[in-house]
Each structure stands twice: as C-alpha cells, then as structure tokens.
Amino acid sequence: MRYSRFFILLLPAAALAAFLFWRFGAAGEESVVRRQFLMGTLVEITVPAAPSGTADAVDRAFAEMRRVEELMRPDGPGSEAAAITAAEGPIEVGSETAEVIALGMKVARLSGGGFDMGLGRLKTLWGIETEHPRVPKPEEILSALEGTGPEDLMTDGNRVLKSDPRLAVDLGAIAKGFAIDRAAEILRNSGVTRAVVNAGGDLCVIGDRGDRPWRIGIQHPRDPGALLATLSLENVSVVTSGDYERFFEAQGQRYHHLFDPRTGYPAGLAQSMTVVAPSAALADALATAAFVLGPEQGLALLKEFSQVEGLLVAADGTIFISEGLREKVEWP
Ligand code: ADP
Ligand code: MG
C-alpha cells in the first residue's frame, strides 16, 4: 500500500484508540513514542529519529499538558476555570488561562457568539458527558443561557471578568488545543525538529516527515474506521470537532456535545469540522465555532484568520473545503 508508511488516522476522542501507524525510516534511527491518558483522551507523542535527551523532553511535555489540564478543567482545587466560575468579581489568573480566554473571546466575537466559553451551566444541564444525560425542558435551557453571549468574559492582562456572576466557565473547546501547543513548544525548545503530539486525533505536527510532509487521515463522521480524506501537511496543527464524538440518543434523536449558544441545543448544521491552523488552541476553538456556524458562516469565519484552512462535512454529508487546502487533500 502506497500510503501505509507515515500515516496518522484521526480518531474521535471517545474512541481512545491509538490508530497511529508508524514505520520509521532508516535503520539506526531511534524513535521515541510515549502515551499517556490525559484530558479525557489518549495522548501520544512521537519523535522519529530522536536526538539524545528526547525522552526527558517528552516527559516534560506530558507534565506540562497535565498542568494545563489541572488549570483549565471545569472543576477541581487547582482549576483556574473553576475559580473564575466561583468568583463574583474580577479575578487574577495565570498567564496561560488569561491567554486562552483572550483567544477564545476573539473567536467568540468573530463567530457572533457561535463560540462561547460560558456554557458551563448548559453543559451540566444536559449532562452529556455524564452517565445520565437528558433532554432538558425549554425553560431550563433558557435559564442556563442567561448571562451568556459573545461578550460574556473579558480579560485585562491576567485579570478575568465575567459579565454575569452566574456564568460558569467551560474551556473544553479550547484547552486541549492549548495543551498540545505547550507540549509542542517544550519539544521544540529541546531541539526536536520532527514530532507529532496527537491527543485523540487533535494534533500538532512539528517539522516534516523527512523528505515529505506528514500524512494526516481524517475520520469519516458517519463511517467509524473509514477515512474521509488525507491531508499532507508540515509544521501545523489539525483539530476536528464532530457530532459523533460524544452523544446520547433519546426518542430516536441524537444529541451531541457541541451546542449552539443561540439556542442551547446541539448545533445541527454539520457532522464534522476539521481546522488546520498555526496553533492547536486556535484550531480547537475554530473547529468548535465553525462546526456550530455551519458551512457558509463557518468557512467565512476561518477566512478572518491568516494561515487557517478547513474541511467541513455539512449535515447532509456535503463536503466543503477551503481554497488553500485543496492541493493538500487526497480522497480515498
Ligand atoms: P472535543 O474536545 O470533544 O474533541 P471540542 O473541542 O469541539 O471537542 O469541544 C467540545 C466541548 O466544548 C464540549 O464538551 C463543551 O464542553 C464545550 N462546548 C460545547 N459547545 C460549545 C460552544 N458553542 N462554544 C464553546 N464551547 C463549547
Ligand atoms: Mg474545539
């Protein structure tokens, strides 16, 4: 098979399986591959032809991801997101959390509120990632949306202010991307020039794969295990949001975890949205935002950013792909 070498199959976070197939190049090249369960998914860091000291750098990259997870999870004693939720007024946070919120607010504004980090109460109400998800009553949804909107958080340096004291912060659509960025930065600073940080299909590739780009497979949203497309890319992050990742069914309806903040119900315009961007945090936020906005507004949103491309599968299965990605994609 022509493509069986350097192949990454993107998987939904829920599948957790590491379908990363590698065969490393020339004899004598030592590669480092490490896996840890982090941020609700299996994270795999791969450094082919690793320079000495790489194993230590990989350990530090994982430790950093764990630190980011602690800071940005919705609850827990070390969580700054939880501290913001609990705060009644402005609160000082670390530079990482402030940076993530500032970036998320930019996406929130440019998406007209399609992206919203203030949906914590709504998420709890639906219980989507719990053992007992349910379809809430319309009045419960309206009440959970009170105080949310495209301006619901503000940053001023490291200070964060909620527009409504009831706002519950949920960084679930951006924190994983930021953690990937931090891991990649540690690897780069340690002299690693080629690597993949793959968090359950959301990933950053450092450098290229030697004399060729990395080949990144994107999962088909309706055919688990099948490929929708393969992207050939270098030095970039690729993040996918899909309605097949986390969902439950009730009365024959599928309810997934990507909410349209304007209605409080799961967004219905897309099956999946893959974003390619210079940073994984940006790709993560934009994947969620463009998924919610759907083909027209979603792809228009990506155009607001430089070096950002995307591939969207609409609700009816139609594929939309941005201009700059067309020469980098292959169909199965
Ligand atoms: P995943 O992390 O599951 O791969 P996403 O990056 O798209 O997928 O993040 C989904 C999570 O983001 C949800 O579980 C929820 O916590 C949060 N979320 C849901 N809808 C939105 C939205 N419209 N804007 C911002 N965050 C959202
Ligand atoms: Mg996201």
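Note that ligands are numbered from 1 as they come in the structure, with each ligand's atoms numbered from 1 the same way. We're numbering straight along the sequence, starting at 1.
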Could you please spell out the steps behind the side chain to side chain contact (heavy atoms under 4.5 Å, CB included) verdict for F305 and K106? CA-CA 11 Å; F305 296 82; K106 183 176 177 190; 4.0 Å; yes

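- Of the candidates D170, T41, T148, L258, D170 brings a heavy atom nearest to atom 16 (O) of ligand 1.
- Contact between P261 and ligand 1 is present, with at least one heavy atom of the residue lying under 4.0 Å from the ligand.
- Under 4.0 angstrom from ligand 1, the non-hydrogen atoms of E245 all belong to its side chain.
- For K328, the NZ atom is loosely surrounded, since the number of other residues' heavy atoms within 6.0 Å does not exceed 12.
- Residue E323 qualifies as open at atom CD: its count of foreign heavy atoms under 6.0 Å is 12 or below.
- Interface atoms of ligand 1 facing D284, defined by a heavy-atom separation under 4.0 Å, are 6 (O).
- Just one residue in the list T155, V100, D152 forms a side chain to side chain contact (heavy atoms under 4.5 Å, CB included) with M105, and that residue is D152.
- Near S241, meaning under 4.0 Å from one of its heavy atoms, ligand 1 places the atoms 5 (P), 6 (O), 7 (O).
- Here the straight-line distance linking atom CD1 of I180 with atom NZ of K176 works out to 6.5 Å at 0.5 Å rounding.
- Among residue pairs with one or both ends in residues 256-272, those qualifying as salt bridge (charged side-chain N to carboxylate O under 4.0 Å, His left out) are D260-R262; sequence neighbours excluded.
- Distances shorter than 4.0 angstrom occur between a heavy atom of G114 and an atom of ligand 1.
- Here's the thing with M117: none of its N/O atoms is less than 3.5 angstrom from an N/O atom of ligand 1.
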Step by step, would you call F291 with H256 a ring-ring contact (aromatic ring centres under 6.0 Å, His included)? CA-CA 12 Å; F291 178 98; H256 61 78; 5.4 Å; yes

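- For ligand 1, the atoms sitting less than 4.0 Å from at least one non-hydrogen atom of F115 are 24 (N), 25 (C), numbered in the order shown with element in parentheses.
- Residue-environment remark: CD (Q307) stays at or below the threshold of 12 foreign heavy atoms within 6.0 Å.
- Considering backbone and side-chain atoms alike, T240 places every N or O at 3.5 Å or more from each N or O of ligand 1.
- For the pair M39 and ligand 1, no heavy-atom separation below 4.0 Å is found.
- Taking a cutoff of 4.0 Å between a charged side-chain nitrogen and a carboxylate oxygen, R182 and E185 qualify as a salt bridge.
- Of all protein N/O/S atoms, those under 2.8 Å from the Mg ion (ligand 2) are A173 O, D284 O, D284 OD1, T288 OG1, and waters are not counted.
- Using a 4.0 Å cut-off between a side-chain N of Lys or Arg and a carboxylate O of Asp or Glu, R166 and E146 qualify as a salt bridge.
- Annotation: salt bridge (charged side-chain N to carboxylate O under 4.0 Å, His left out) contacts involving residues 292-312, sequence neighbours excluded, are absent.
- Every residue meeting the ring pair (Phe, Tyr, Trp, His ring centres under 6.0 Å) condition with F259, not counting sequence neighbours, appears here in chain and number order: W126.
- Atoms of ligand 1 lying under 4.0 Å from at least one heavy atom of V292, given by number and element, are 23 (N).
- Among G40, G172, G120, the residue whose heavy atom sits closest to atom 11 (C) of ligand 1 is G172.
- Contact annotation for D260 and ligand 1: no heavy atom of the residue comes within less than 4.0 Å of the ligand.
- Against a heavy-atom cut-off of under 4.0 Å, R246 is close to the following atoms of ligand 1: 3 (O).
- R121 CZ to T85 OG1: the interatomic distance, rounded to the nearest 0.5 Å, is 10.5 Å.
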